[in-house]
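This report refers to the structure that appears directly beneath it.
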Amino acid sequence: MAKKLLMINPVQQVEHQEFWNESAVRIMQYPATNLAYLAALTPPGWDIKIIDETIESLTFEDADLVGITALTPTAPRAYAISEQYRRKGIKTVIGGIHASFLRDEAIQFADCVVIGEAESVWQNVIHDFERNELKRFYTGEHTSLENLAIPRRDLLSNRYALKLGGVETARGCPNDCEFCSVTAFNGRKYRARPVEQVLDELEAIDSKNIFFSDNTILGYGKQAEQRAIQLFRGMVDRGLNKRWFSQVNIDIAYSPKVLEWAKKSGCSGLAIGFESISEDALQAMHKVRNLKVGVAKYKEGVKRVHDYGIPMAGAFVLGSDGDTKDVFQRTTEFILDSKVDATQITILTPLPGTRLFSSLQQEGRLLRTNYPDDWTHYDFTEVVFKPKHMTPDELMEGVTQIYRDTSSRPTSLKRAFISFIRTKNLYGTAIAYLWNRGSGSLWMQKYEYMKSLSLSQVEDASLSRPLSVN
Ligand code: SF4
C-alpha cells in the first residue's frame, strides 16, 4: 500500500480571529509552489496531499510522514502542528527559511529539520524515512537550477483567488541588504534556470495568470538583463499568451528593451522595492542598488514603467535607523504624487538570519523575545524593536496614517482611475485597486486589534487557532 505524505503550509497564528479578514488574505495569497516542487521530487509509492492552511482549514488526518514549511511568523503554528502529529506517533519534518536559521529551535518540535534549499536532499529524507533511518538534520546545497523538477501543481488547492501559476526562474542575490535573508539562504551567486526550461514549464501551465516568484525577474547585471529579454521574447515566440506578475528591482525602469519585451509577453504588474524615499534610510538598510539609481529618480522610474502600459506596486519599509518622524508624510506624498498604482507598506522587521536581527539583538533593542511564541509578531505589521528616532507607537501610527491616506475607497478609486489613464491596462489596474483595498483593510484590522489591547495584554494573550482534531 502507498505511504501517505502530508505537506503543510501553516497559517500565522492570530490571537483574535475577529480581526482576521479571510477574504482579504485569500486575495493576496500566493500558491504554495515550494511544496509542489518537493512533491515532484518525492519517489513513486507515496500518496501526497498538500494543505495550505492560509486558504483552507487543517483537520487532523492520518499520514506516514508530515512535512511542514514555515516562515518566521508561521513558525509557532508549524511547531504546534508538528507536536500534534508527533503525539500521535507520526514523524514530522520541518523546513523553510526560519528553521534553516534556527535549527536548534526547530528540532525541539520536529523529528527532522531540513536546512537550506531542500531540493538536493529531499529524496534522501524520504529514502532514510522508508528505511527507518531518518536523521535529525539534512543540509541542502545551492545547487544548479538546471533540470529543476516541474512542480506538482495538480496537488495545489483551487481556492486561491487569483489562480496564479507560480514559477521560479532564478535564486540568489549578491546584495545582502541588512533586513533581508535571501543572500544568507540562497547565496550571493545569482543562479538562473535555462530559459528554454522555464518556457517549457510555462507552456505546461493551464492558468493564464503567472507569478514569477523570483526576488527580481530582471536579475543582476547585463547578462541577467539579456536573459530576461530572452525569456520574454521566448514567451512571445511560443505564443504563450500569459498575463504575468513579478517582483523586480528599480533598475528595470532604466532598461527599455526589458520593459518592451515584458509588455509584449504579457506583463500586467510589477512589484518594485523602493524601500524608502529617504536616502539615509537606504544607507542604513544597505540598499545599494536603490542608492545607485537615487531617490530623486524614483518618480521618473514610475513614469517610465507606465509608459510601457505596466502598472506597479511600490514596496516601502518604514522604521530603519535612517527614518525620522517626517518620513510618513513624505512617503504618502511620494505615493500620491508619483502615481505608483499600488503600495505595500511594511514595518522593518528583524528576521533571524539577517544582519539587522544580529545588530538589534546586540544593542538590546528587540522588544519581542519570548521565542518561539513571539515569532508570530515578526510579520512586518508590528513593531518588534525600539526604533532609533521615534517610539514604537509613533512608528505604528505613522504607517497606519499612510494606509489611511492612500488606501481608503475614494483614494483607491482615484488612484485606479489615474492608473488606467496612464497604463491603459484594465486588468492590472483592477488588481492594483484590489491590492490597495485588501492591504489597507488588513492593516486597519491589525491596527484596531493592536489598539484594543495594552502591550501587557498582547503579551499574555493566548494563541487561539487550535489544530482541530477529529
Ligand atoms: S532585499 Fe532584494 S536586493 Fe536586497 S538582499 Fe534581498 S533580494 Fe537582494
Side-chain angles (χ1 to χ4, degrees), residues 30 33-34 71-73 96-98 100-101 116-117 142 145 166-193 211-225 227-228 245-255 258 269-295 297-298 301 305 312-323 331 340 343-360 378-381 385:
Y30 164 75
T33 315
N34 52 338
L71 299 169
T72 293
I97 201 158
H98 182 85
S100 294
F101 288 119
E117 295 179 12
H142 296 152
L145 299 183
V167 176
E168 187 175 28
T169 88
R171 287 182 194 162
C173 175
N175 292 319
D176 199 16
C177 300
E178 193 201 27
F179 59 84
C180 178
S181 48
V182 165
T183 306
F185 187 73
N186 295 117
R188 270 183 188 280
K189 187 166 179 236
Y190 178 71
R191 288 168 290 145
R193 291 175 64 193
F211 179 68
F212 290 117
S213 59
D214 305 13
N215 298 305
T216 165
I217 191 66
L218 180 62
Y220 310 96
K222 282 283 161 218
Q223 206 181 334
E225 186 177 314
R227 174 188 174 269
F245 304 83
S246 186
Q247 304 181 109
V248 73
N249 41 322
I250 179 71
D251 307 51
I252 196 167
Y254 297 92
S255 307
V258 177
L270 293 170
I272 296 187
F274 291 114
E275 318 301 10
S276 180
I277 44 82
S278 153
E279 297 213 339
D280 288 342
L282 293 175
Q283 291 278 9
M285 294 188 284
H286 196 244
K287 192 77 197 182
V288 284
R289 291 202 92 80
N290 294 40
L291 284 165
K292 218 165 131 194
V293 171
V295 169
K297 290 176 88 177
Y298 277 5
V305 176
M312 70 166 79
F316 299 87
V317 182
L318 279 296
S320 87
D321 284 357
D323 278 337
T331 303
V340 63
T343 26
Q344 181 196 55
I345 305 139
T346 50
I347 288 175
L348 185 69
T349 300
L351 296 175
T354 62
R355 289 184 289 117
L356 179 66
F357 185 88
S358 306
S359 60
L360 290 175
Y378 286 62
D379 70 348
F380 306 93
T381 68
F385 69 99

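Numbering of ligands and ligand atoms starts at 1, following listing order.
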Which residue and atom name correspond to the protein heavy atom nearest atom 3 (S) of ligand 1, and how close is it?
N175 ND2, 3.5 Å

What distance separates F212 CZ from E168 CD, expressed to the nearest 0.5 Å?
12.0 Å

Any idea which atoms of ligand 1 are less than 4.0 Å away from a heavy-atom of D176?
5 (S)

When you compare the side chains of D280 and S278, does any donor N or O come within less than 3.5 Å of an acceptor on the partner?
no

Using only atom types and a distance under 3.5 Å, with no angle test, would you say the side chain of T354 pairs donor to acceptor with the backbone of F357?
yes

Closest non-hydrogen protein atom to atom 4 (Fe) of ligand 1, residue and atom name please, with distance?
C177 SG, 2.3 Å

Among non-hydrogen protein atoms, atom 8 (Fe) of ligand 1 lies closest to C173 SG, 2.2 Å

Please report the interatomic distance OH(Y378) to OG1(T349), rounded to the nearest 0.5 Å.
9.0 Å

So if I count the atoms of ligand 1 from 1 in the order they appear, which ones are less than 4.0 Å from some heavy atom of T183?
5 (S)

Could you check whether any heavy atom of E275 sits closer than 4.0 Å to an atom of ligand 1, since that is the contact criterion I want to use?
no

Looking only at heavy atoms, is any part of Y220 under 4.0 Å from ligand 1, and if so is it the side chain, the backbone, or both, or is it neither?
side chain

Hey, what do you get for CG (N290) to NZ (K297), rounding to the nearest 0.5 Å?
13.0 Å

From atom 8 (Fe) of ligand 1 out to just under 2.8 Å, does an N/O/S atom of C180 turn up?
no

Evaluation steps, side chain to side chain contact (heavy atoms under 4.5 Å, CB included), between Y190 and N175:
CA-CA 10 Å; Y190 178 71; N175 292 319; over 6 Å; no

With a 3.5 Å cut-off and no angle check, do the side chains of D251 and Y220 form a donor-acceptor pair?
no

Distance from atom 1 (S) of ligand 1 to nearest protein heavy atom, with residue and atom
K287 NZ, 3.4 Å

Under 4.0 Å from ligand 1, counting heavy atoms only, is it the side chain of T216, its backbone, both or neither?
neither

